[in-house]
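Computed from a predicted model, the values in this text were never measured in an experiment.
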Amino acid sequence: MAEEVNGGSTEALPPPPPVSPDFSPAKAEPEPVKKKALRVPMARRGLGSKGQKIPILTNHFKVNVTNADGHFFHYSVALFYEDGRPVEGKGIGRKVLDRVHETYDTELAGKEFAYDGEKSLFTIGSLPRNKLEFTVVLDDITSNRNNGNNGNSSPGRHGSPNEIDRKRLRRPYQSKTYKVEISFAAKIPMQAIANALRGQESENSQEALRVLDIILRQHASKQGCLLVRQSFFHNDPKNFADVGGGVLGCRGFHSSFRTTQSGLSLNIDVSTTMIIQPGPVVDFLIANQNAKDPFSLDWAKAKRTLKNLRVKTAPANQEFKITGLSEKSCREQTFTLKQRSKDGDGEVQTSEVTVYDYFVNHRNIDLRYSADLPCLNVGKPKRPTYFPIELCTLISLQRYTKALSTFQRASLVEKSRQKPQERMQILSNALKINNYDAEPLLRSCGVSISSNFTQVEGRVLPAPKLKAGNGDDLFSRNGRWNFNNKRFFDPAKVERWAVVNFSARCDVRGLVRDLTRIGEMKGISVEAPFEVFEESPQLRRAPPVVRVDKMFEEIQSKLPGAPKFLLCLLPERKNCDIYGPWKRKNLADYGIVTQCLAPGRVNDQYLTNLLLKINAKLGGLNSMLAVEISPSIPLVSKVPTIILGMDVSHGSPGQSDVPSIAAVVSSRQWPSISRYRASVRTQSPKVEMIDNLFKQVSDTEDDGIMRELLLDFYASSGKRKPEHIIVFRDGVSESQFNQVLNIELDQLIEACKFLDEKWSPKFVIIVAQKNHHTKFFQAGSPDNVPPGTIIDNKVCHPRNYDFYLCAHAGMIGTTRPTHYHVLLDEVGFSPDELQDLVHNLSYVYQRSTTAISIVAPISYAHLAATQVGQWMKFEDASETSSSQGGLTNAGPVTVPQLPRLQENVSSSMFFC
């Protein structure tokens with residue numbers, strides 16, 4: 001950075017002094033030595049012992065490896081067409097290599113191989129030569145569906161359907177020739193797996209496990225499964241669940257090999273992916289657009305939805321990839337039909353024919369409803385090939401990768417959840433069905449997989465004691481408590497406030513009356529609102545931003561000054577598009593605390609829950625841990641300690657240009673660990689590392705997230721600097737742990753040094769993961785594991801410091817434990833102290849009267865990122881969507897900056 005700042009105006013400098021020939025620069029030597037040692041995750045410090053012991057089963061299946069002396073040989077694979085062009089398309093690779101395996105068995109010395117579908121191939125023991133070249137011929141590349149991953153290379157070039165007709169008679173001409181080069185890349189000792197189990201991980205051990213995973217993927221692929229990373233999905237309608245919009249949830253299995261304290265295990269879990277509803281294309285489009293018939297479809301939208309999907313066409317039953325739609329309808333779209341004339345001299349005569357006329361009159365195919373609809377184009381851009389839409393059906397197991405709507409997601413969750421016992425049954429069956437013992441490659445590595453769930457010892461931690469108002473105890477049973485006949489611990493006042501109604505049907509007077517009554521029971525005094533602002537009916541259809549602006553004009557004209565709090569009634573419960581602009585206006589423009597609700601079934605319980613949120617936003621606290629009040633949390637209560645929760649939320653998979661949003665929340669008013677504030681920034685799309693923690697804008701200025709949070713901690717904690725900084729980081733995979741330790745931690749340290757060069761706080765860094773596949777079950781019980789269950793043995797990492805915690809009561813489905821990885825602990829917590837702290841932090845979430853499944857600071861970071869993400873949604877949509885379609889890779893996209901929160905709400909729990 002420094003060079004850029006100083007090197008701006010080089011012209012004005014005098015020429016450098018002459019250098020004497022025997023001069024040797026002084027400081028050049030030690031410079032390269034200063035290369036900082038990279039930090040790696042710390043080793044386990046021992047096991048916890050607190051809590052009541054409980055036997056638990058887990059979906060890890062023990063793996064034995066007997067052939068430890070062998071080697072995997074890694075070869076790289078290159079595919080070319082006959083003319084030497086490299087094969088670009090994905091998915092053809094497996095077919096080509098299957099053919100190589102059939103045709104050249106002797107040249108391969110009869111060896112089986114594991115192929116990853118792309119550029120890598122593995123064998124056990126070496127192939128006869130280091131470089132092998134083969135030529136294979138594949139006939140007509142249509143799938144027999146079954147293979148979900150053969151992204152069909154496009155069939156020969158067809159100018160017109162009648163050429164297809166002739167090609168159907170001359171099938172052999174559809175064949176294609178491929179050249180395959182297989183060349184030696186590396187040798188991986190199987191011994192590496194044994195080393196990893198002793199805690200010595202290496203490149204080799206990760207590669208060796210990757211080979212085993214690839215063998216499983218190939219095993220599934222041979223059974224015609226759709227493969228999605230480490231999961232596979234069978235083409236069996238019993239596994240499909242309709243979630244609406246032409247999308248099905250498809251149930252399959254995740255399987256991966258993992259090194260654990262008790263050896264190698266195979267982790268198998270139920271997994272779900274989204275697929276397109278197979279069958280007639282028109283039925284899919286009608287479901288997708290919720291239309292009543294094919295004639296009311298939006299074809300521009302249909303074109304985007306259908307692009308690259310694969311269809312089979314009747315009556316020839318050939319497979320194609322959809323490249324687009326015809327400009328005109330089937331009865332108007334013409335193409336050039338070439339026909340040999342009847343008079344025997346073989347002259348080719350051409351005539352312009354409509355697609356409709358061709359199929360109905362030349363091919364005698366009855367078309368019921370396609371005449372006035374566009375045709376599907378399955379040809380090349382320059383040489384289209386059209387089919388009437390009713391002759392096309394979508395092939396099964398094609399992934400749907402767009403983001404699901406709120407309703408689809410709700411439907412998916414409801415249809416895919418399983419009680420613990422049911423899940424165990426499905427997993428046991430999966431092991432039988434997969435029949436891994438018959439897989440020749442696993443046999444030759446000497447790998448055998450047990451069919452029993454691994455038993456581990458869990459411990460149930462006692463629930464922390466909670467306090468409500470007036471020193472009353474809150475008793476939690478099974479991870480839940482309630483405020484019946486109790487007051488909030490620190491109730492706020494609802495004063496200088498108003499109600500805003502965006503055309504929701506509601507008895508506003510009654511709502512205010514009930515809210516006031518319940519508020520009083522909980523210790524919150526609710527003054528009478530200044531005013532109820534009703535939206536004028538003609539604005540109902542206006543764009544959301546306009547509706548919000550108009551409402552604020554009204555508020556400003558009627559109220560003497562800015563209100564402290566606004567209660568906002570929204571017309572619909574989920575996805576209301578007023579929400580984002582409303583929050584933004586309140587928090588960023590005016591600094592007003594606001595609470596939205598959709599008045600549906602509003603009863604006393606609902607209003608109590610609403611008051612939990614309102615109280616937290618207005619600076620109150622609903623409950624507090626007893627150990628916070630008496631301050632007696634080991635190492636946290638004795639020394640000023642700040643607790644951070646960090647999360648980055650990304651746009652949905654289809655949007656490459658939506659900025660990612662980084663949120664960091666931090667505790668304040670030490671020794672409390674229940675009060676938090678948030679700082680939210682945008683960053684480049686899909687970047688997981690937070691890049692604004694420290695952001696030096698000049699020699700004396702840092703505009704980063706950390707500075708803001710540290711100064712707030714200092715101000716709210718009696719002018720004390722934190723000596724301990726405990727970071728909870730969410731959403732990072734194991735492959736990125738080193739980046740968190742070396743990139744993010746460095747930024748944290750720099751931010752501290754920038755505030756005070758002499759200040760060196762101690763750090764604790766803990767990553768929390770929820771999207772993993774380890775599940776826990778109680779033997780012989782239909783229930784989930786009890787809240788507070790902690791597991792740090794047998795299925796955890798052989799060297800690193802990790803543990804699983806189910807802090808919450810799993811009410812429906814199977815509990816998903818949170819996997820905590822302690823990457824760094826400079827403070828020196830004992831395992832019990834650290835596990836206790838994490839457990840306690842699951843009980844300080846102010847929005848509910850339950851323990852939650854992940855520490856509160858991370859949950860708050862999610863909320864803050866999601867809420868501020870809603871502000872962005874309605875930023876002039878035209879600007880952001882214009883770059884869709886691949887212009888984004890021309891250069892770095894400029895990331896729009898978020899407006900900052902107004903001073904008076906910036907340290908509030910606005911995200912609650």
Sidechain N-carboxylate O distance under 4.0 Å for Asp473, Lys465: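 Judged by the 4.0 Å cut-off on N to carboxylate O distance, Asp473 and Lys465 do not form a salt bridge.
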Using a strict cut-off of less than 4.0 Å between a Lys/Arg side-chain nitrogen and an Asp/Glu carboxylate oxygen, indicate whether Arg677 and Asp712 qualify as a salt bridge.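 Salt bridge flag = yes for Asp712 with Arg677.
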Sequence neighbours excluded, which residues qualify as side chain to side chain contact (heavy atoms under 4.5 Å, CB included) partners of [X]?
X      : result
Asn840 : Pro464, Leu625, Val627
Asp604 : Arg517, Ile518
Arg513 : none

Working note: Gln669 + Tyr676, criterion side chain to side chain donor-acceptor pair (under 3.5 Å); need CA distance, chi angles, decisive distance, verdict. CA-CA 9 Å; Gln669 295 186 18; Tyr676 292 86; over 6 Å; no
With sequence neighbours left out, what residues match [X] under ring-ring contact (aromatic ring centres under 6.0 Å, His included)?
X      : value
Phe502 : Trp582
Phe829 : none
Tyr843 : Trp481, His839

Under 6.0 Å from the CZ atom of Arg480, do we count more than 12 heavy atoms belonging to anything else shown?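 No, the 6.0 Å shell around CZ holds no more than 12 heavy atoms from other groups.
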Sequence neighbours left out, what passes side chain to side chain donor-acceptor pair (under 3.5 Å) with Ser679? Give chain and number order.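 For Ser679 the side chain to side chain donor-acceptor pair (under 3.5 Å) partners, ignoring immediate neighbours, are Glu708.
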Set of residues satisfying side chain to side chain donor-acceptor pair (under 3.5 Å) with respect to Ser623, sequence neighbours excluded: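 Expected list: none.
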Would the distance check show the side chain of Asp730 and the main-chain N or O of Asp647 forming a donor-acceptor pair, the cut-off being under 3.5 Å?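 Side chain of Asp730 to backbone of Asp647: no pair is present.
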Under 3.5 Å, is there a donor-acceptor pair between the side chain of Glu701 and the main chain of Gln696?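 Pair absent, no side-chain N/O of Glu701 close to backbone of Gln696.
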Among residues at least two apart in sequence or on other chains, which ones pass salt bridge (Lys or Arg N to Asp or Glu O under 4.0 Å) with [X]?
X      : answer
Arg547 : Glu535
Glu688 : Arg729
Lys564 : Glu495

What donor-acceptor contacts under 3.5 angstrom involve side-chain atoms of residues 759-767, with partners at least two apart or in another chain?
from	atom 1	to	atom 2	distance (Å)
Trp759	NE1	Pro722	O	3.1
Ser760	OG	Lys753	NZ	2.9

